[in-house]
Amino acid sequence: MFKEQDYDVIVIGAGHAGCEAALASARLGMETCLFAINLDTIAHLSCNPAIGGLAKGHLVREIDALGGEMAKVTDQAGIQFRMLNLSKGPAVWSLRAQADRMLYKRAMRRSLERQEHLTLKQGMIEKIVVEGGTVKGVVSSLGVFYAARAVIVTTGTFLKGLIHIGLENFPAGRAGEFPSIGLSDSLREIGLGLGRLKTGTPPRLDARSIDFSRTTPQWGDDPPIPFSYSTERIPNPQLPCYITYTNRKTHEIIRGGLDRSPLYSGRIKGIGPRYCPSIEDKIVRFADKERHQIFLEPEGLETTEYYANGISTSLPYDVQVGLVRSIEGLEHAEIMRPAYAIEYDFVFPTQLKHSLEVKGIEGLFLGGQINGTSGYEEAAAQGLMAGINATLKLKGRPPLLLNRDEAYIGVLIDDLVTKGTNEPYRMFTSRAEYRLLLRHDNADFRLTEKGYSIGLVSEETCERYSGKKRGVAAEIGRLRRERIKPSAALNEELSALGTSVLAEDVSLEKLLKRPEIHYSLIKRFAAPPGEISPEIENLVEIQVKYEGYIQKQVEMAERADKFEAKKIPPDFDFKAVPGLSREVVEKLIQIQPENIGQASRIPGITPAAVSVLLVAVERQWRRSGNS
């Protein structure tokens, strides 16, 4: 076997997880090698050309606050930005951007190629070498051995990937690319349990064959709001998306093709995403719905290709043509790329620690869809954390672990390693019990200092964040101190807004707490002494208006943190605890929770079992002389 070179960290797979993992590792000084099956598809947007969305936008902001790259690249490639859910409370506001597919890939590759300590290689990794419970390196399909002190696997949908179009299927990692076969077997050989998942993608259409006059345009925000806290302006022209709908004829065509659907004929064995079903699944499951919405999303500034979001399918090609051309505005549409479903192997994530290191194998980390997630953002967040924690391990430092009240990234990882998944996991705001604390607008307040402490956030960025933090605190202090007197002009304005007029002077803070009042009114009648950015204005208004609710969630989090602080000894014998059922013991042994808080979140662990476990754990700590 030929041995080429030693590295500190090797990253397998150059999708969104792999790019973040490799950049984090290299930026923290580790000699890192990133392997891609095809260097031309680094950071490829395999599915829709969009970043962010509900809860996913929070993840992107958090990646940015920790020193990751996804937000910056999205801003460089973005061709439409929209803040979603503005009609609801700020806890669920979330940014989404359409991205130019080619610009995104170019921007990310540029970041990778300019990064010190980072080497890019095209190659198929087929084996992970583990000796004595410690990772030693990897072997490529050419028989080349690369030694490494840590290995991060971020293979996306490539592990034994199998594409389905109708009753035809063929091996592929995604359309036009080889799958990874040997690596899947290697993971099994080193003791990991694998399952099978399925996802899909819709057809891509030629804009020259679409009648956009029969669809409804949807523009983004003007001016666009960037993802990264460091972005000053969006460089690209902004484009609209277009909305159309399926209809009864569409549904009849789909039903007529179900006998040749791999999903309904039993050809597909993997479990698909519950919250992003194929169009045939929608028609069957929601038979009473007369239509389903479709977003026609531009793939870029210099292509005629459009992504038909909403009609993901694995139906035969002839059925795809029929269903597309039954839709208003698409009567003459040409399919540039057919839709397909893809099955792939994944690793059951309960085999991981919160650091994303594999239990029982020192130095082996997993990130992204290999852990059972779906979506670019979930993958990138895991890749970043795997890259950080692999590096911290090599430096002899404790891992960076984010709690559920600190970040959506913390919720994501805790859900995976504690609860596991048997279907593609997607992040939602409803998964976070402290979502008012985890808003998209305050990700830097929550995470910038953590990013700075590990060395991923620059001093300049940290100083800019500190200035913003001081600005918010100063303005909230002013609103509490200053009072405003009744006046004819002010009362006329208050009356027009449907809120009570002032009979006596009140603090600016108390006035701003009224639901009908926005900071813009405060600024007109009691302007601050200096210029305040719109970002600070927004933060001030949210913190003042929701102060009581925020404080309640802080108190809830503090109570939960007491359980998180109750560590379970690594050698704890769950079988020896009287009062625990066999089912509970089996689940505790499988997950090996690190603390009582994690144990309480394992599905099937009752409050009574948690109480029994807590007593037993405290008794063992007392016997060992620790608390």
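The nearest pair of heavy atoms linking G68 to E20 is CA-OE1, 3.4 Å. For K72 against D64, the heavy-atom pair with the smallest separation is NZ-OD1, 3.2 Å. Taking every heavy atom of both residues into account, L400 and N389 meet most closely at N-OD1, 2.7 Å. Across A380 and M70, no two heavy atoms sit closer than the pair CB-CE, 3.6 Å. Residue E377 comes nearest to A50 through the heavy atom pair OE2-O, 4.1 Å, listed as atom of the first residue, atom of the second, then distance. Minimum interatomic distance between C47 and Y376 (heavy atoms only, all atoms of both residues): N-OH, 2.8 Å.
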Report task. Start with the C-alpha distance between I125 and I10, add both sets of side-chain angles, then the distance that settles side-chain contact (heavy atoms from CB on, under 4.5 Å), and finish with yes or no. Result -> CA-CA 11 Å; I125 300 301; I10 284 175; 5.7 Å; no
Report task. Report the C-alpha separation of L187 and I370 in whole Å, then their side-chain angles, then the decisive distance to 0.1 Å, and conclude whether the side-chain contact (heavy atoms from CB on, under 4.5 Å) test is met. Result -> CA-CA 11 Å; L187 291 169; I370 190 173; 4.0 Å; yes
Requested in this report: Take F365 and I152 through the test side-chain contact (heavy atoms from CB on, under 4.5 Å) and record every step on the way to the result.
Outcome: CA-CA 5 Å; F365 293 77; I152 305 172; 4.0 Å; yes
**Report entry** Trace of the side-chain contact (heavy atoms from CB on, under 4.5 Å) decision for L28 with K395
**Finding:** CA-CA 10 Å; L28 292 173; K395 291 183 174 183; 4.1 Å; yes
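The shortest distance between side-chain heavy atoms of H44 and N38 does not fall below 4.5 Å. Contact check for L197 versus Q369: no side-chain heavy atoms found under the 4.5 Å cut-off. The shortest side-chain heavy-atom distance between R109 and D40 falls under the 4.5 Å cut-off. Side-chain atoms of L588 and F572, non-hydrogen and from C-beta on, never get closer than 4.5 Å to each other. Counting heavy atoms from C-beta on, the side chains of E69 and L112 never come closer than 4.5 Å. Side-chain contact between L159 and L183: present, with at least one pair of heavy atoms (C-beta onward) separated by less than 4.5 Å. For the pair K359 and K353, the minimum side-chain heavy-atom distance is below 4.5 Å. V151 places a side-chain heavy atom less than 4.5 Å from the side chain of I12.
Between I342 atom CD1 and L162 atom CG the span is 8.0 Å, to the nearest 0.5 Å. Taken from OG in S25 to CD1 in I388, the straight-line distance is 10.5 Å, to the nearest 0.5 Å. Once rounded to the nearest 0.5 Å, the distance linking NZ of K450 with CD of E406 reads 4.0 Å. For the atom pair H16 NE2 and I42 CD1, the distance stands at 12.0 Å (nearest 0.5 Å). Atom CZ of R431 sits about 9.0 Å away from atom CG of L412, to the nearest 0.5 Å. Taking CZ of R27 as the start and OG1 of T32 as the end, the distance is 11.5 Å to the nearest 0.5 Å.
The backbone N or O of A390 sits nowhere less than 3.5 Å from a side-chain atom of E357 that would complete a donor-acceptor pair. N236 places a side-chain N or O within donor-acceptor distance of the main-chain N or O of G78, the cut-off being under 3.5 Å. Side chain of D8 to main chain of R149: no donor-acceptor pair is present (N/O by atom type, distance under 3.5 Å, no hydrogens or angles). No side-chain donor-acceptor contact under 3.5 Å links D414 to the backbone of N403. Side-chain atoms of Y340 come within 3.5 Å of backbone atoms of A175 as a donor-acceptor pair (strictly under, hydrogens ignored). Side chain of N595 to backbone of Q598: a donor-acceptor contact under 3.5 angstrom is found. In this structure a side-chain-to-backbone donor-acceptor pair under 3.5 Å is missing from E126 to I181. For T155 (side chain) and F158 (main-chain N/O), no donor-acceptor pair under 3.5 Å exists by modelled atom type. Between the side chain of S94 and the backbone N or O of L84, no donor-acceptor pair lies under 3.5 Å. A donor-acceptor contact shorter than 3.5 Å is absent between the side chain of D345 and the backbone of S184.
Atom CZ of F563 has 12 or fewer neighbouring heavy atoms from other residues, nucleotides or ligands inside a 6.0 Å radius. The environment of F145 atom CZ is dense: over 12 non-hydrogen atoms of other residues, nucleotides or ligands sit within 6.0 angstrom. Atom NZ of K567 has more than 12 neighbouring heavy atoms from other residues, nucleotides or ligands inside a 6.0 Å radius. Counting non-hydrogen atoms of neighbouring residues, nucleotides and ligands closer than 6.0 angstrom, the NZ atom of K587 exceeds 12 such neighbours. Residue R337 places its CZ atom among 12 or fewer non-hydrogen atoms of other residues, nucleotides or ligands, all under 6.0 Å distant.
Ring planes of Y146 and F35: perpendicular class, angle over 60° (limits at 30 and 60°). The aromatic rings of H58 and Y408 lie tilted to each other, with the angle between the two planes from 30° to 60°.
E378 and K56 are joined by a salt bridge, as a carboxylate oxygen and a charged side-chain nitrogen come within less than 4.0 angstrom of each other. Remark: R446 engages E62 in a salt bridge, criterion side-chain N to carboxylate O under 4.0 Å. In summary, E362 and K393 engage in a salt bridge, as defined by a charged side-chain N under 4.0 Å from a carboxylate O. A salt bridge links R96 and E297; the closest N-O separation between the charged side-chain nitrogens and carboxylate oxygens is under 4.0 Å. Salt bridge status for D185 with K160: present, with a side-chain N to carboxylate O gap under 4.0 Å.
Both the sub-6.0 Å distance and the 45° axial angle are satisfied by R61 relative to the ring of Y229.
For F346 and F348, the ring centers are positioned less than 6.0 Å apart.
Side-chain atoms of D75 and T231 form a donor-acceptor pair, as typed in the model, at a separation below 3.5 Å. Judged by distance alone, the side chains of R601 and T418 never bring a donor and an acceptor atom under 3.5 Å apart. Under 3.5 Å, the side chains of E449 and Y465 contain a donor-acceptor pair of N or O atoms.
Remark: of the listed residues I51, L95, I234, L103, I51 is the sole one forming a side-chain contact (heavy atoms from CB on, under 4.5 Å) with T74. None of L366, I409, T154, L416 except one satisfies the side-chain contact (heavy atoms from CB on, under 4.5 Å) rule with Q382; the exception is L416.
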